[in-house]
**Q** 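This structure is in structure tokens; I'll ask about it shortly.
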Amino acid sequence: MTSNANAEVAGMMRSPEQVMSLSRMGCAFQTRLSFMRHLIRKMNQENWRFEKNLFDIDDEGYGAAVYTAHSQQRPYSLVVFTNEIPADKRSDRVVADVWDATFNLFDGIPTKEDVERLSQNTPKQEGGRFEPTELVLARANKSLRLCDHLTNCLSEGQQPDLETLASVGYLFRTTAVYGSGKFGSSDRAKFSDRPEVQGSFAVEMLAVYLFRWFTIELVEHIAQKRGGDKAVALKPEYRTFLGIGNSTGLGMAPFLVKHSTLLHNWMDVRETALARVRVQDSASDETRNAFMKNLQRAIQHAEEWLVEDEEQTGCIDVLRNELKTLSEWCEVDANFQQNQPWNAMYQFVENEFSLEGQEQTVALMLEPHGDLVDELADGLYAPVGAQLEPGMTISKLNDKISQNYQWALDIDFDQPESQKYFWYYSEDKLEPRLGTRNVDPGSELEMPVAIGREVTELSEALKGVSGETTVADFIFERPEFRYIIRRVQTTANHQYAEIRDNLIGSELRPLDLLRFKLSIFGSSKFDPKSDLWTRINMYQGAPLPGEIENGDPEAWAFPLIPGKEGK
Amino acid sequence: MTTAQLNLSLNEVLFFFTRAAVGVGARFGIAEEFGKASVWIAGNGLDPADATHQALDTLCKPSFKQASKIDRSGETTRLSADGGNALSAIQAAPSIADWTSISSAQEFELENVDCPFLIVATMAALNCSGWDIRWKDAEDNTFLCRLEADRQWTSAWNGSVLPEHSRNTNVSIAPSSDESLTEGWNNQRSLGPEQRTKVLESGAGLGGNWPKIRAYFDRCLVPSTTESRESGAGAGMVDTD
């Protein structure tokens with residue numbers, strides 16, 4: 001891209017004031033740049049190969065298995081253990097201590113000794129210890145309803161009821177997927193220069209992908225053992241429709257605050273992609289038709305997106321109507337014949353649609369433009385974290401605060417509702433929790449998530465300090481401001497690094513943070529259960545091993561109930 | 001050297017050591033630098049608990065005061081703690097790293113530093129290079145650590161005490177000289193990024209002082225109550241779908 005083209009794209013990018021609000025982040029959707037989409041694309045383009053190296057599972061579905069993905073460079077293996085657990089112990093909380101399935105992603109192909117070692121540790125999860133050969137540690141619980149239904153049907157030679165299948169959409173849901181050196185496993189730095197897994201959460205996404213494959217084969221195995229010759233395998237389109245669920249809790253929220261440069265990179269990739277599309281002078285018939293096809297799928301997908309939460313149900317209802325309005329807009333030839341038609345589309349939805357509608361349109365706009373945007377996905381990681389600039393003067397620092405933190409300075413932190421909550425680690429397996437200040441104990445141990453408040457305190461402390469004083473000299477006298485000064489300086493160079501909302505105020509909905517991060521992962525069917533957690537589906541509709549090499553790796557963007565495509 | 005009791009990943013070192021410093025009262029930004037210094041120590045194949053636990057102890061002492069005294073009246077900047085107490089390396093080292101990154105034409109004298117090696121580790125972790133850090137302990141053992149380019153560093157010492165075990169002494173910091181680190185020294189150790197690569201494959205070994213670090217870390221955790229267990233996080237306690 002030429003420097004003029006870069007300047008045009010830069011000028012079209014949405015501002016941090018607009019996109020770094022919790023309300024908009026909480027309406028994000030997966031795009032073709034999401035981690036799962038990027039991984040599937042890579043597997044297809046690089047002809048990854050898959051094999052089952054071990055399937056030592058008894059008739060009831062308990063035992064061990066090893067499934068291996070061979071990238072161009074090296075193999076990675078899922079090592080999974082399943083066991084029977086009491087029904088009343090099946091919990092998705094961090095504090096659970098038994099699970100239906102526990103697994104690792106192993107760096108290479110494990111030996112028998114590795115599998116034996118892991119059999120003693122992986123089922124214990126946080127209670128076990130792992131080695132740098134383990135890249136990921138995770139666990140999952142069954143959807144009892146769907147697992148039982150499928151095994152019963154298949155063992156009797158029948159396919160499952162489609163409505164039941166669609167009502168859940170997964171056989172297992174993960175409840176934690178750990179990477180980055182947790183519990184002795186591999187540091188990310190060990191593999192961060194490997195092109196096949198360099199992206200953020202690449203190994204975690206690979207682990208979940210392989211686990212999805214295992215869950216389908218598991219129920220087919222149980223059904224076959226139960227039904228013998230009568231048993232049948234799941235129809236291919238039903239297999240593909242099954243994803244992996246996830247119960248996503250609070251842990252993701254402090255992550256987004258802590259890893260500010262990473263957050264910036266994720267957002268910058270998406271916004272750059274959108275801007276590249278918006279500056280296109282025209283839309284070819286091919287891209288227009290591809291857009292329309294995906295729009296129709298998105299409309300159907302929204303019809304099938306059913307949740308219990310009333311607020312989310314209301315948002316989805318509005319979204320459905322808006323997508324139909326967008327379809328009508330697209331039918332007008334003149335809309336696509338004007339200059340910069342995609343920008344015209346964006347401005348139309350920005351003026352007329354809800355945030356959900358706007359962000360769904362953003363995702364749709366990227367879909368037919370892989371040639372323009374896919375390369376950006378290589379930037380979805382951050383090699384360097386926040387850096388302090390000790391030589392900066394206080395005068396410059398004040399300028400940075402004014403330029404980027406007016407949203408924080410406008411909050412009155414003397415009001416109790418502005419500091420209603422605090423984030424902390426519980427002694428209970430280090431579970432991240434949200435407490436209510438002056439009600440729950442522990443606020444003196446709160447995590448450093450209250451960025452707005454800290455900037456306000458810094459701004460106050462800088463009053464009266466000579467503008468020529470260096471940051472180094474100031475923080476020698478006032479070391480309590482080292483953290484926030486480093487953050488302010490980092491944000492100045494990374495415009496999307498800061499969530500521009502009060503993360504401890506009464507208006508906080510942690511769900512908004514969770515949904516944003518999950519959309520970057522590539523999740524769909526957000527199903528909020530409270531303000532603190534949500535269910536989602538991962539890889540629903542994605543090609544399974546054996547399917548990846550054939551067909552379009554992007555065709556699963558809006559997974560639909562089998563047999564209802566085009567209805 | 002103590003036998004490793006536990007292998008941690010470098011990310012675990014960062015997590016536990018940062019919050020151990022918070023647990024003994026360090027402000028979060030300072031604790032983060034301590035965490036990075038601990039990772040640097042571990043990444044060089046050394047035991048970070050062994051090297052730093054006493055620096056954490058300093059912050060726990062009733063006599064400890066947060067503020068350090070600074071004297072810039074001469075050519076050399078001097079830092080000391082109040083009332084003859086040990087100067088906390090956890091508190092002082094980040095500022096030394098800050099000042100050295102601004103100008104390479106200065107020298108520092110730190111009085112009665114509790115953990116001299118932590119000064120080295122913090123400066124290295126914060127990407128300082130071209131500096132000599134030297135000290136002599138009460139038994140006249142002498143030490144010199146040189147931070148070089150490309151994340152290489154060399155240490156030289158006389159006597160049986162390792163640099164990372166040396167305690168409570170004055171420390172001098174100056175731009176690297178031409179002084180040889182091989183002649184006139186009984187012991188040398190030269191390490192660089194290749195060591196970290198090995199640690200990434202094997203894990204960082206921690207010995208007998210790890211329980212103390214863990215105990216300090218646990219001070220950051222909020223006790224769980226029935227109410228916080230039920231309402232402080234999402235997801236049901238029992239689930240079937």
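This structure is a prediction, so every number in the text was calculated from the model and none was measured. Quick note: numbers below take in every heavy atom, side chains included, and nothing from hydrogens, waters or symmetry partners. Throughout, a chain's letter reflects where its sequence line sits, starting with A, and its residues are numbered from 1.
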**Q** Without swapping roles, check the side chain of A/Arg129 against the backbone of B/Asn7 for a donor-acceptor pair under 3.5 Å.
**A** yes
**Q** Against A/Ser180, only a single residue in B/Asn11, B/Leu10, B/Leu14 fulfils side chain to side chain contact (heavy atoms under 4.5 Å, CB included); can you say which?
**A**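 It is B/Asn11, the one option of B/Asn11, B/Leu10, B/Leu14 that forms the side chain to side chain contact (heavy atoms under 4.5 Å, CB included) with A/Ser180.
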**Q** Above 12 or not: heavy atoms from other molecules or residues under 6.0 Å from CG of A/Asp193?
**A**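 Yes, because the 6.0 Å sphere around CG of A/Asp193 holds more than 12 heavy atoms from other groups.
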**Q** Atom OG of B/Ser224 and atom CZ of A/Arg433: how far apart are they, to the nearest 0.5 Å?
**A** 3.5 Å
**Q** Chain B: which of A/Cys147, A/Gly181, A/Ala96 shares the most heavy-atom pairs with it under 4.5 Å?
**A**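 Ranked by heavy-atom pairs under 4.5 Å with chain B, first place is A/Gly181.
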**Q** Using a cut-off of under 4.5 Å on heavy-atom pairs, state which of B/Val13, B/Ile102, B/Leu79 scores highest against chain A.
**A**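 Greatest number of close heavy-atom pairs with chain A: B/Ile102.
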**Q** Who wins among A/Val471, A/Thr133, A/Asp473, A/Thr470 for the most heavy-atom pairs under 4.5 Å with chain B?
**A**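 Between A/Val471, A/Thr133, A/Asp473, A/Thr470, the count favours A/Asp473.
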**Q** Measure distances from A/Lys182 to the heavy atoms of chain B and classify the residue's part below 4.5 Å as side chain, backbone, both or neither.
**A**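 When you check distances to chain B, only backbone atoms of A/Lys182 fall under 4.5 Å.
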**Q** With a 4.5 angstrom heavy-atom cut-off, is it the side chain or the backbone of B/Asp218 that approaches chain A, or both, or neither?
**A** neither
**Q** State the CZ-CG distance between B/Phe217 and A/Leu430, to the nearest 0.5 angstrom.
**A**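 Atom-to-atom, B/Phe217:CZ and A/Leu430:CG are 4.5 Å apart.
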**Q** Run the side-chain contact (heavy atoms from CB on, under 4.5 Å) check on B/Glu32 and A/Leu388 step by step: do they pass?
**A** CA-CA 12 Å; B/Glu32 282 189 313; A/Leu388 185 76; over 6 Å; no
**Q** Non-hydrogen atoms of chain B under 4.5 Å away: do they reach the side chain of A/Glu480, the backbone, both or neither?
**A**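 Contact with chain B involves both backbone and side-chain atoms of A/Glu480.
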**Q** Which region of B/Thr197, side chain (C-beta onward) or backbone (N, CA, C, O), has a non-hydrogen atom less than 4.5 Å from a non-hydrogen atom of chain A, or is it both or neither?
**A**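 Neither part.
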**Q** Among B/Pro94, B/Ala97, B/Ser103, B/Ala92, which has the most heavy-atom pairs under 4.5 Å with chain A?
**A**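 That would be B/Pro94.
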**Q** With only heavy atoms counted, which part of A/Asp531 is less than 4.5 Å from chain B, the side chain, the backbone, both or neither?
**A** neither
**Q** Measure the spacing between CG of A/Asp187 and CZ of B/Arg196 and express it to the nearest 0.5 Å.
**A**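 Interatomic distance, A/Asp187 CG to B/Arg196 CZ, rounded to 0.5 Å: 7.0 Å.
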**Q** Under 3.5 Å, is there a donor-acceptor pair between the side chain of B/Glu12 and the main chain of A/Gly184?
**A** yes
**Q** Rounded to the nearest 0.5 Å, how far does OG of B/Ser95 lie from CZ of A/Arg482?
**A** 6.0 Å
**Q** If you draw a 6.0 Å radius around CD in B/Glu194, do more than 12 non-hydrogen atoms from other residues or ligands fall strictly inside?
**A** yes
**Q** Quick one: SG on B/Cys220 to CD on A/Glu446, what's the gap to the nearest 0.5 Å?
**A** 12.5 Å
**Q** Can you label the angle between the B/Trp99 ring and the A/Phe476 ring as parallel, tilted or perpendicular, going by 30° and 60°?
**A** tilted
**Q** Does A/Lys396 NZ have over 12 foreign heavy atoms under 6.0 Å away?
**A**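 12 or below, so no.
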**Q** So does A/Glu308 have more than 12 non-hydrogen atoms from other groups sitting under 6.0 Å from CD?
**A** no
**Q** Quick check: closest heavy atoms across A/Leu445 and B/Leu221, and the distance to 0.1 Å?
**A**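 Looking at all heavy atoms of both residues, the shortest contact is CD1-O, 3.7 Å.
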**Q** Measure B/Leu200 against the heavy atoms of chain A and call it side chain, backbone, both or neither at under 4.5 Å.
**A** both
**Q** Give, as side chain, backbone, both or neither, the part of A/Ser185 having an atom under 4.5 angstrom from any heavy atom of chain B.
**A**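 For A/Ser185, the backbone is the part near chain B, not the side chain.
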**Q** When rounded to the nearest 0.5 angstrom, what distance separates CZ in B/Arg27 from OH in A/Tyr483?
**A** 13.0 Å
